[in-house]
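Step one of this worksheet: look at the structure below.
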Amino acid sequence: MQLTLAEWWALGDGGREVVVDQLLERVPAGYIDPRSVGHAPGPLPQLIHQATGVLFHLVFGGPAVIGMSDRRFDRLRRISADDDEDLMVPVAYLPEANDLRPARPVRVSGALVADQPLPFGVLRKLGLDEQRLFIAGVSPVAVGALLKSLTPLHWRAPSEAEWEYACRAVEDEVGDEPPARPTGRLLGVGLGQMGNRVELCRDDWRDDLSELPERGSLGNGHEVLRGRGSGARFAGWNVSPAWSEALWPGRRRLAEWTGAVAMRPWMDLLK
């Protein structure tokens with residue numbers, strides 16, 4: 001499926017139905033078109049996993065810039081120093097923001113991503129210990145059991161690059177001031193809440209993004225958390241009126257986290 005997001009937007013209803021039909025041929029059995037059960041069509045191609053009710057969106061792959069540019073970091077440093085409440089941006093914890101540097105060009109493959117992190121009901125249905133469950137996540141000690149439960153479903157955690165690609169509202173820093181409108185690919189099309197919880201990524205931990213390869217994956221260690229959390233030392237950046245710091249959530253090592261770990265499944269398309 002080589003379709004781009006721009007080509008998808010240009011399709012009529014008939015063409016979009018064909019794309020969804022092709023998508024159903026490239027996933028394991030057990031998925032349906034949401035429109036077949038009376039749902040309104042979404043802005044992106046969607047599928048529902050019948051056994052769990054989890055809604056997936058197709059993420060169109062492509063080139064992207066992941067991480068924080070020097071210009072953006074300098075802007076956050078000025079905001080932190082000035083504590084300008086008019087910007088509606090919480091004071092950033094700059095050492096953590098520094099973990100998002102340097103910005104790197106990557107290429108992300110198309111995949112299906114869940115609309116929300118797995119909720120308590122689905123986690124319980126997967127057979128996980130209820131004493132280690134939260135409303136939308138598990139305790140850190142249950143991450144291994146969670147990943148094992150997802151294997152038969154062909155679900156996985158995203159790489160950091162995939163996660164940020166889907167989360168990101170602003171593609172690049174275009175000047176000293178924020179852009180007038182969001183320029184990212186996915187904001188407002190079903191994944192606008194991405195980043196509000198602390199979510200698991202599958203990468204090995206690195207202190208920064210300097211070793212991030214073109215394909216955007218740093219191993220398969222499931223050691224990285226991305227998203228917002230409580231406390232100044234894991235504070236993401238909320239959406240400001242001008243989207244200047246939109247969806248720039250924090251980054252943390254799993255071994256240093258004691259709160260809930262959310263899991264937003266991704267699924268690769270069959271060849």
Side-chain angles (χ1 to χ4, degrees), residues 1-9 23 42-46 55-69 72-73 97 99-117 155-174 179 181-206 208-220 222-228 236-237 239 243-252 262-269:
M1 184 176 292
Q2 301 299 318
L3 193 69
T4 66
L5 183 58
E7 290 169 338
W8 166 259
W9 291 134
L23 189 59
L44 292 182
Q46 297 175 331
L55 174 66
F56 284 85
H57 302 271
L58 177 65
V59 172
F60 292 89
V65 175
I66 301 302
M68 183 172 292
S69 66
R72 179 171 293 277
F73 184 77
D99 291 347
L100 292 165
R101 304 171 76 199
R104 311 289 291 185
V106 296
R107 178 169 291 276
V108 175
S109 299
L112 288 165
V113 56
D115 181 69
Q116 298 289 338
W155 296 354
R156 63 172 176 81
S159 68
E160 279 197 80
E162 289 174 321
W163 190 92
E164 189 174 317
Y165 179 83
C167 174
R168 194 165 173 156
V170 179
E171 192 63 30
D172 294 305
E173 181 68 74
V174 295
R181 58 185 178 83
T183 57
R185 295 173 175 81
L186 299 172
L187 185 72
V189 296
L191 299 175
Q193 296 301 310
M194 195 165 183
N196 282 350
R197 296 185 184 275
V198 176
E199 300 186 19
L200 180 69
C201 293
R202 65 179 178 175
D203 296 288
D204 300 333
W205 175 259
R206 300 291 195 281
D208 56 38
L209 301 182
S210 60
E211 299 177 42
L212 193 69
E214 184 199 9
R215 285 293 173 182
S217 179
L218 282 171
N220 200 30
H222 300 94
E223 296 177 338
V224 180
L225 301 176
R226 296 294 301 269
R228 294 177 60 192
W237 291 273
V239 176
W243 306 97
S244 58
E245 271 58 61
L247 299 178
W248 275 98
R251 180 172 178 266
R252 176 61 65 99
M263 174 67 190
R264 184 188 302 264
W266 284 59
M267 184 170 63
D268 296 311
L269 302 176

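- Here the straight-line distance linking atom OG of Ser109 with atom CG of Leu269 works out to 9.5 Å at 0.5 Å rounding.
- Pro265 and Met263 get closest at one heavy-atom pair: CD-O, 3.4 Å.
- Counting heavy atoms from C-beta on, the side chains of Glu199 and Pro117 come closer than 4.5 Å.
- The minimum heavy-atom distance linking Trp205 with Arg252 is given by the pair CZ3-C, 3.4 Å.
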Which is it for Val113 and Leu58 under the side-chain contact (heavy atoms from CB on, under 4.5 Å) test, yes or no, and what are the steps along the way?
CA-CA 6 Å; Val113 56; Leu58 177 65; over 6 Å; no
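- Side-chain atoms of Asn220 and Asp204, non-hydrogen and from C-beta on, never get closer than 4.5 Å to each other.
- Judged by distance alone, with hydrogens and angles left aside, the side-chain atoms of Arg104 form a donor-acceptor pair with the main-chain N or O of Ser210 at under 3.5 Å.
- The shortest non-hydrogen separation linking Pro63 to Arg107 is CD-NH1, 3.7 Å.
- At a threshold of 4.5 Å between non-hydrogen side-chain atoms, the residues Met68 and Asp99 do not count as touching.
- Cation-pi geometry between Arg202 and Trp266 is not met: the NZ or CZ atom fails to fall both under 6.0 Å from the ring centre and inside 45° of the normal.
- Judged as a side chain to side chain contact (heavy atoms under 4.5 Å, CB included), and not counting sequence neighbours, the contacts of Val108 are Val106, Glu162, Tyr165.
- In this structure, OG on Ser159 lies 7.0 Å from CZ on Arg156, to the nearest 0.5 angstrom.
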Verdict with reasoning, Leu100 to Arg226, per side-chain contact (heavy atoms from CB on, under 4.5 Å):
CA-CA 10 Å; Leu100 292 165; Arg226 296 294 301 269; 3.2 Å; yes
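- In plain terms, the two heavy atoms of Ile66 and Ala161 that are nearest each other are CD1-O, 3.8 Å.
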Give the C-alpha distance, both sets of side-chain angles, the deciding distance and a yes or no for side-chain contact (heavy atoms from CB on, under 4.5 Å) between Gln116 and Leu55.
CA-CA 8 Å; Gln116 298 289 338; Leu55 174 66; over 6 Å; no
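- Side chain of Asp203 to main chain of Glu160: a donor-acceptor pair is present (N/O by atom type, distance under 3.5 Å, no hydrogens or angles).
- Closest approach of Pro213 to Leu218, counting heavy atoms only: CD-CD2, 3.8 Å.
- Side chain of Glu164 to backbone of Gly67: a donor-acceptor contact under 3.5 angstrom is found.
- Between the side chain of Arg264 and the backbone N or O of Ala114 there is at least one donor-acceptor pair closer than 3.5 Å.
- Summarising the geometry, atom CG belonging to Leu44 is positioned 7.5 Å from atom CH2 belonging to Trp8; distances are rounded to the nearest 0.5 Å.
- Side-chain atoms of Leu200 and His222, non-hydrogen and from C-beta on, do get closer than 4.5 Å to each other.
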Please report the C-alpha distance between Leu209 and Arg101 in whole Å, then the side-chain angles of each, then the deciding distance to 0.1 Å, and finally whether the side-chain contact (heavy atoms from CB on, under 4.5 Å) criterion is met.
CA-CA 6 Å; Leu209 301 182; Arg101 304 171 76 199; over 6 Å; no
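- With a 4.5 Å cut-off on side-chain heavy atoms, Leu112 and His57 do not count as touching.
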